[in-house]
Amino acid sequence: MNLLIKSATILDPGSAFHQQVADILIENGVITRIADDIEADAELVDAEGKYVSPGFFDLNCNIGELGLENKEDMISGTRAAAAGGFTGVAMMPNTANPVHSKAEVEYLLNRAKGNLVDVYPLGTISHKREGKDLAEMYDMHLSGAKAFTDGNRPVQDAGLMERALLYTQGFDAMVFSYPEDTAIAGKAKVNEGEVSTLLGMKGIPSLAEELMIARDLYLAEYTVSKIHFSTISTSRSVELIREAKRKGLEVTCDVAAHHLILTDEALLGFDSQYKVKPPLRTKDDVTALIKGLKDGTIDAIVSQHTPHEIEFKDVEFEVAAYGMVGFQTALPLALKTGLPVELIVEKLAINPREILGVDVPVIAEGEQANVVVFDVDAEWEYNSKNNLSKSANSPFIGESLKGKVLLTYNNQQILK
């Protein structure tokens, strides 16, 4: 289909039209003209006062294909992602059958063929995510895995992490670290602090995250490797990574959108929809995370989309599952921080692709069209009707949000 986006403000630092208002004509999936007052036989999209940027890319999401399709399958997951403006996602291997060999990688890539959203399965670091032996990382890389992680299971064995960092150097792949020392975190469910004391619950100290970050930074420095930290959440974590970057280490990191807005005070009502991991932290931590985004310490914002059926959330807080669906709320939450929209595009669309080593789409004539159109001022209610995920575990359902994705276009397909 042909598409004419009228009077859009273009946000793309890689484009000669960055921060300019123009019409964009897309024909057969290719941007054929960018100019003023274009007339063409195409579907019109009035984007006056609105923004168009490269489609967003999520470095951390969970889609249930490979055994957990009752929570989310490839169709529902990618549709929810597209509704949130994402045209590319990196799938965590947190599935019933872990993505620990080329068979799983190839299956997921085959399932994702012909989709609006480009899907990049992440392989596991360890066999079956057991943290004992390295998985078939090179075979998975040859089949299409761009990076490796044990997902929401931290690699406790320092020797195993060291070997993973060294091994992946041979084929220029990335290792993602989920930083948590489980011996310190224990079985606690919330952040350690005033709120955990008020709730009468054991808390996870910030040290559990920070100690693992310090360890993996030392390992990355020792092995002269690059490393990426997933969903950091504390002020000290930001400081550690900031200092590592100053030293010249090849380190990147991301933060979940909900950690930029919510604090552990949201847990005072024992609402399990706010139960996530890493846990919601303090106001000081939120302030430090936003500062880290502004100064470049934190490279990307992720959704950490984690769907669950109602029986996993509508239970006592202690036994409820961790996580919330986040594809469709990532942009509104990022905007709620007050960050400049240009910076949000950088953290949602540009940097994630650069980290993973995939092509960054450019809004330029002759380029394949991979774009999202969004309105930062539009208010809308996130509800059961417009929630496109199979699951509804989000504290934001029923709330009015500001910042709406109007159109997502990629692979000659459109969702609006």
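In this text the structure is predicted, and so the values were computed from the model without any measurement. Values below: every heavy atom of this structure, side chains too, minus hydrogens, waters and symmetry copies.
- Residues Met161 and Val175 are in side-chain contact: their nearest non-hydrogen atoms beyond the backbone lie under 4.5 Å apart.
- Put simply, the side chain of Ile350 reaches to within 4.5 Å of the side chain of Pro54, judged on heavy atoms.
- A heavy-atom distance below 4.5 Å is not found between the side chains of Val325 and Ser303.
- A salt bridge between Asp133 and Lys128 is absent, with no side-chain N of the basic residue lying under 4.0 Å from a carboxylate O of the acidic one.
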Less than 3.5 Å apart, which donor and acceptor atoms pair up between the side chains of residues 395-408 and the rest of the protein, not counting sequence neighbours?
from   : atom 1 : to    : atom 2 : distance (Å)
Thr408 : OG1    : Ala82 : O      : 2.6

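- A perpendicular orientation is assigned to the rings of Phe148 and Phe171, their planes being inclined by more than 60° (bins at 30° and 60°).
- Considering every non-hydrogen atom in both Val251 and Lys245, the closest pair reads O-CE, 3.1 Å.
- Remark: Glu69 engages no residue in a side-chain hydrogen bond (donor to acceptor under 3.5 Å, both in side chains) (not counting sequence neighbours).
- Contacts of Lys6 classified as side-chain hydrogen bond (donor to acceptor under 3.5 Å, both in side chains), with partners at least two apart in sequence or in another chain: Asp23.
- Salt bridge present: Glu239 and Arg236 bring a charged side-chain N and a carboxylate O closer than 4.0 Å.
- For Asp314, the side-chain hydrogen bond (donor to acceptor under 3.5 Å, both in side chains) criterion is met by no residue, not counting sequence neighbours.
- With a 4.5 Å cut-off on side-chain heavy atoms, Ser101 and Glu104 count as touching.
- In this structure Ser76 satisfies the side-chain hydrogen bond (donor to acceptor under 3.5 Å, both in side chains) test together with Glu72, Asp73, sequence neighbours excluded.
- Surrounding CD of Glu311 are more than 12 heavy atoms belonging to other residues, nucleotides or ligands, all under 6.0 Å away.
- With a 4.5 Å cut-off on side-chain heavy atoms, Val99 and Leu122 do not count as touching.
- In Arg79, the CZ atom is not crowded: 12 or fewer heavy atoms of neighbouring residues, nucleotides or ligands sit closer than 6.0 Å.
- In this structure the side chain of Pro278 reaches within 4.5 angstrom of the side chain of Gln304, judged on heavy atoms.
- In this structure, Asn383 places its CG atom where more than 12 heavy-atom neighbours from other residues, nucleotides or ligands lie under 6.0 Å away.
- Tested against Ser237 for a side-chain hydrogen bond (donor to acceptor under 3.5 Å, both in side chains), the candidates Glu209, Arg281, Arg242 yield a single pass: Glu209.
- The aromatic rings of Phe57 and Tyr120 are tilted relative to each other, their planes meeting at an angle between 30° and 60°.
- The ring pair (Phe, Tyr, Trp, His ring centres under 6.0 Å) contacts involving residues 213-241 comprise Phe176-His228, where partners must be two or more places apart or lie in separate chains.
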